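Here's the structure we're looking at; comments come further down.
If you're wondering where the values come from, they're calculated on a predicted model, not measured in any experiment. Just the heavy atoms: all of them, side chains too, but no hydrogens, waters or symmetry mates, feed the values below. First the proteins, then the strands, lettered A, B, ... as listed; each starts at 1.
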Amino acid sequence: MPIPKLAQGFEKAGSIARQRYKMAEKITPRETDYSQWYIDIVLNAKLADYSPVKGSMVIRPRGYAIWERIRDEFDRRFKETGHSNAYFPLLIPMSFLQKEAEHVEGFAPELAVVTHGGGEELEEPYCIRPTSETIIWSMYKNWIQSWRDLPLLINQWANVLRWEKRTRLFLRTSEFLWQEGHTAHETEAEAVEETLKMLEVYRDVVERYLCIPVIPGVKSETEKFAGAVRTYTIEAMVQDKKALQAGTSHFLGQNFAKAFDVKYQTREGTLDYVWATSWGVSTRLVGAVIMTHSDDKGLVLPPAIAPEEVVIVPIYKNESKAAVMEYAGKIFSQLKDLGLRVVLDDDDSSSPGWKFAEWEMRGTPVRLEIGPRDMQNGKAVMVRRDNGEKTVIDAAQAGEKVKETLAFIQTSLYEKAKAFRMANTKPVANREELLAFFGAEGMGTADAQGGFAEALWCGSAECEAELKAQTKATLRCMPLDRQENISGTCALCGAPAKHRAIFARNY
RNA sequence: CGGGACGUAGCCUAGGGGCUAAGGCGUCUGCUUUGGGAGCAGAAGAUCGGAGGUUCAAAUCCUCUCGUCCCGACCA
């Protein structure tokens, strides 16, 4: 009897220690368990919750508010570049998927299929869209006759469903929200230009708005979108040094035009297939933001997407309450008038210390602490969420100071993330270095840490597969700006190199 | 889909065949408090994930099932 009890206690020790820590701190430290830390942040900051439906999540108001800010910025940029929003149906006839061979092969394992409707079996089953190329191109066939109908630039905001066996809040769920742009062009050059233009929009918004540095690049044949000629990506590195694909833009060539017979009359009067692109970003970006910036105290948000930029926490005793609240109220109005998103936490039932911890958990970029002492001196205490720095500021300039600080935070989050990525990106020359870098079995050094390995590559899928089998690292992308002066040999097989590529383990 | 861990009140856990399922946090009421997760007093809150079975007796044992997390396989 004592033996099994001991054994059981021993086995459970790890998880109990973790849970003890959690009770005290709520958030598991990153060092202890990075996955658990991420889950703790999402749940405790009330961004999302598990749903009764397997593989699906509920996006809670706070998580959705962040997504709305991301979505609105992208939407603005899409419209600025000439795109219009539309909406296509959720259900797609199975036969549509089958028209593009590579496309159906790629998505078949992830499809959910509707076989019954109105209590009767359907003649042709529908699948729930995993992406909308097929249904959109079935319509484009009717809408495009002449070069005068081109370019056709449409975007849709929608949910999609891909049956996933292993899910992770925001990063990979069966159902998720995204945007998918689908465009049709007269020429190959114009379609390629569009593909790259949207990749650049993605890069700009993700770097400047979400403060996540990314590497724009091209996917290998192995990793490209099913049905694309070429897939471009922006790749980010999160805090455990894994790669996270933050957005993709595909040059589809004439693949879908041919599959759906979409021809147009050219300026010369001949008939030709149109050239296509598609591009998307999803609620995964919310996960990317969390993983990039947050710390052991909770969420850290770039000011641009924070539901509230500033929180004011008043501190008072009963006799000073009225005066402090009035003083805090004035500062609140001052900030509000400057257009800042500000909340005044006047909840009477919790202590200031509690509120500090709570707003840090929620990720609010700036906190103003306002108590009797500050009131006496016409001051306020400003605290930065990203680095914990406290500054005493003049109440009269509170608005300007906060604005300035928010701008600092926005740039310093980006700089910090970029420095981290650079510190964890290494050039590797050969197989031994690659294996050592990823700490492959038998080859690992004590301090092997992973990250981005930049290596020359011959272009063969065999080399990719071999590295993946040995280290789980995959070819994330071939950086667009690092392809000149390729001379040397493939780090894996030693054949003449054709590309410079980033290899990493990924989400 | 394989291996492992877990599922007891809103949250975290105790109890591993036997009387009314125990505690902490949170919630509610009142008083007192408030510059980094306050104090006292009282109260509410659980068909022990679900279904079957074994037993005089099941939160506890057995079978199945559902779900979550971790590790793999698969995968944008």
Sugar-phosphate, base or nothing in reach of [X], heavy atoms under 4.0 Å:
{"X": "A/Pro372", "result": "base"}
{"X": "A/Lys297", "result": "nothing"}
{"X": "A/Gly55", "result": "sugar-phosphate"}
{"X": "A/Lys224", "result": "nothing"}
{"X": "A/Phe356", "result": "base"}

Residue closer to the 5' end of RNA chain B, A/Phe225 versus A/Glu369 (nearest nucleotide): A/Glu369
Would you kindly compare A/Ser51 and A/Asn506 by the position of their nearest RNA chain B nucleotide and give the one closer to the 5′ end? A/Ser51
Let me know the distance between [atom1] of [X] and [atom2] of [N], rounded to the nearest Å.
{"X": "A/Leu169", "N": "B/C69", "atom1": "CG", "atom2": "P", "answer": "7 Å"}
{"X": "A/Asp33", "N": "B/G4", "atom1": "CG", "atom2": "P", "answer": "20 Å"}
{"X": "A/Ile39", "N": "B/U68", "atom1": "CD1", "atom2": "C1'", "answer": "9 Å"}
{"X": "A/Met57", "N": "B/U68", "atom1": "CE", "atom2": "P", "answer": "13 Å"}
{"X": "A/Glu358", "N": "B/C25", "atom1": "CD", "atom2": "P", "answer": "17 Å"}
{"X": "A/Arg385", "N": "B/G36", "atom1": "CZ", "atom2": "C1'", "answer": "13 Å"}
{"X": "A/Arg505", "N": "B/A73", "atom1": "CZ", "atom2": "P", "answer": "11 Å"}
{"X": "A/Asp348", "N": "B/C31", "atom1": "CG", "atom2": "P", "answer": "12 Å"}

Are OP1 or OP2 of B/C69 and a side-chain N or O of A/Arg166 less than 4.0 angstrom apart? no
Counting only side-chain nitrogens and oxygens, does A/Ser35 get under 4.0 Å of the OP1 or OP2 atom of B/C70? yes
Among the candidates [options], find the nucleotide nearest to the side-chain atoms of [X].
{"X": "A/Glu164", "options": "B/C69, B/C75, B/G72", "answer": "B/C75"}
{"X": "A/Glu110", "options": "B/G36, B/C69, B/C75", "answer": "B/C75"}
{"X": "A/Arg168", "options": "B/C75, B/C71, B/U34", "answer": "B/C71"}
{"X": "A/Arg367", "options": "B/U34, B/A38, B/G36", "answer": "B/G36"}
{"X": "A/Tyr50", "options": "B/G37, B/G72, B/C69", "answer": "B/C69"}

Do NZ/NE/NH1/NH2 and the carboxylate oxygens of [X] and [Y] come within less than 4.0 Å?
{"X": "A/Arg203", "Y": "A/Glu200", "result": "yes"}
{"X": "A/Asp386", "Y": "A/Arg384", "result": "yes"}
{"X": "A/Arg505", "Y": "A/Asp240", "result": "no"}

Would you measure the distance from the [atom1] atom in [N] across to the matching atom in [M] and give it in whole Å?
{"N": "B/U8", "M": "B/G3", "atom1": "P", "answer": "24 Å"}
{"N": "B/A58", "M": "B/G49", "atom1": "C1'", "answer": "16 Å"}
{"N": "B/G23", "M": "B/A14", "atom1": "P", "answer": "16 Å"}
{"N": "B/G45", "M": "B/A21", "atom1": "P", "answer": "13 Å"}
{"N": "B/G42", "M": "B/C19", "atom1": "P", "answer": "27 Å"}
{"N": "B/U13", "M": "B/C75", "atom1": "P", "answer": "35 Å"}
{"N": "B/A51", "M": "B/A59", "atom1": "P", "answer": "12 Å"}
{"N": "B/C40", "M": "B/G26", "atom1": "P", "answer": "11 Å"}

Pair A/His83 and A/Trp279, ring centroids less than 6.0 Å apart: yes
So, for A/Phe332 and A/Tyr327, is the gap between ring centers shorter than 6.0 Å? no
Looking at A/Glu326, I want to see if its CD is surrounded by more than 12 non-hydrogen atoms of other residues, nucleotides or ligands under 6.0 Å. no
For the CH2 atom on A/Trp178, are there more than 12 heavy atoms of other groups (residues, nucleotides or ligands in this structure) within a distance under 6.0 Å? yes
Numerically ordered, the residues 373-383 of chain A set in heavy-atom contact under 4.0 Å with RNA chain B is A/Arg373, A/Asp374, A/Val381
Scan residues 316-331 of chain A against RNA chain B and write down, sorted by residue number, each residue with any heavy atom closer than 4.0 Å; if none is found, say none. A/Tyr316, A/Lys317, A/Asn318
Give a yes-or-no answer on whether the side chains of [X] and [Y] include a donor-acceptor pair shorter than 3.5 Å.
{"X": "A/Glu175", "Y": "A/Ser56", "answer": "no"}
{"X": "A/Asn44", "Y": "A/Arg362", "answer": "no"}
{"X": "A/Thr28", "Y": "A/Asp33", "answer": "no"}

What pairs of donor and acceptor atoms, side-chain ones from residues 351-359 of chain A against any protein atom, are under 3.5 angstrom apart with sequence neighbours left out?
residue	atom	partner	partner atom	Å
A/Ser351	OG	A/Trp354	N	3.3
A/Lys355	NZ	A/Asp345	O	3.1
A/Lys355	NZ	A/Asp347	O	2.8
A/Trp359	NE1	A/Asp345	OD2	2.8

Side-chain donor/acceptor of [X] to base of [N], under 3.5 Å:
{"X": "A/Glu360", "N": "B/G36", "result": "yes"}
{"X": "A/Lys165", "N": "B/G2", "result": "no"}
{"X": "A/Arg172", "N": "B/C75", "result": "yes"}

Using only atom types and a distance under 3.5 Å, with no angle test, would you say the side chain of A/Ser132 pairs donor to acceptor with the backbone of A/Ile135? no
I'd like to check the side-chain contact (heavy atoms from CB on, under 4.5 Å) partners of A/Lys317; sequence neighbours left out, ordered by chain and number. A/Glu319, A/Ser320
Exercise: identify the closest heavy-atom pair between A/Thr292 and A/Ala288: OG1-O, 2.6 Å
Taking only residues two or more places apart in sequence or in another chain, which ones pass salt bridge (Lys or Arg N to Asp or Glu O under 4.0 Å) with A/Glu223? A/Arg476
Checking one value: the base orientation of B/G16, syn if chi is within 90 degrees of 0, otherwise anti. syn
Report the stems of RNA chain B as range-with-range entries sorted by first number; a stem here is at least three consecutive pairs, Watson-Crick or G-U wobble, both distances under 3.5 Å, and write none if there are none. B:1-7 with B:66-72, B:10-13 with B:22-25, B:27-31 with B:39-43, B:49-53 with B:61-65
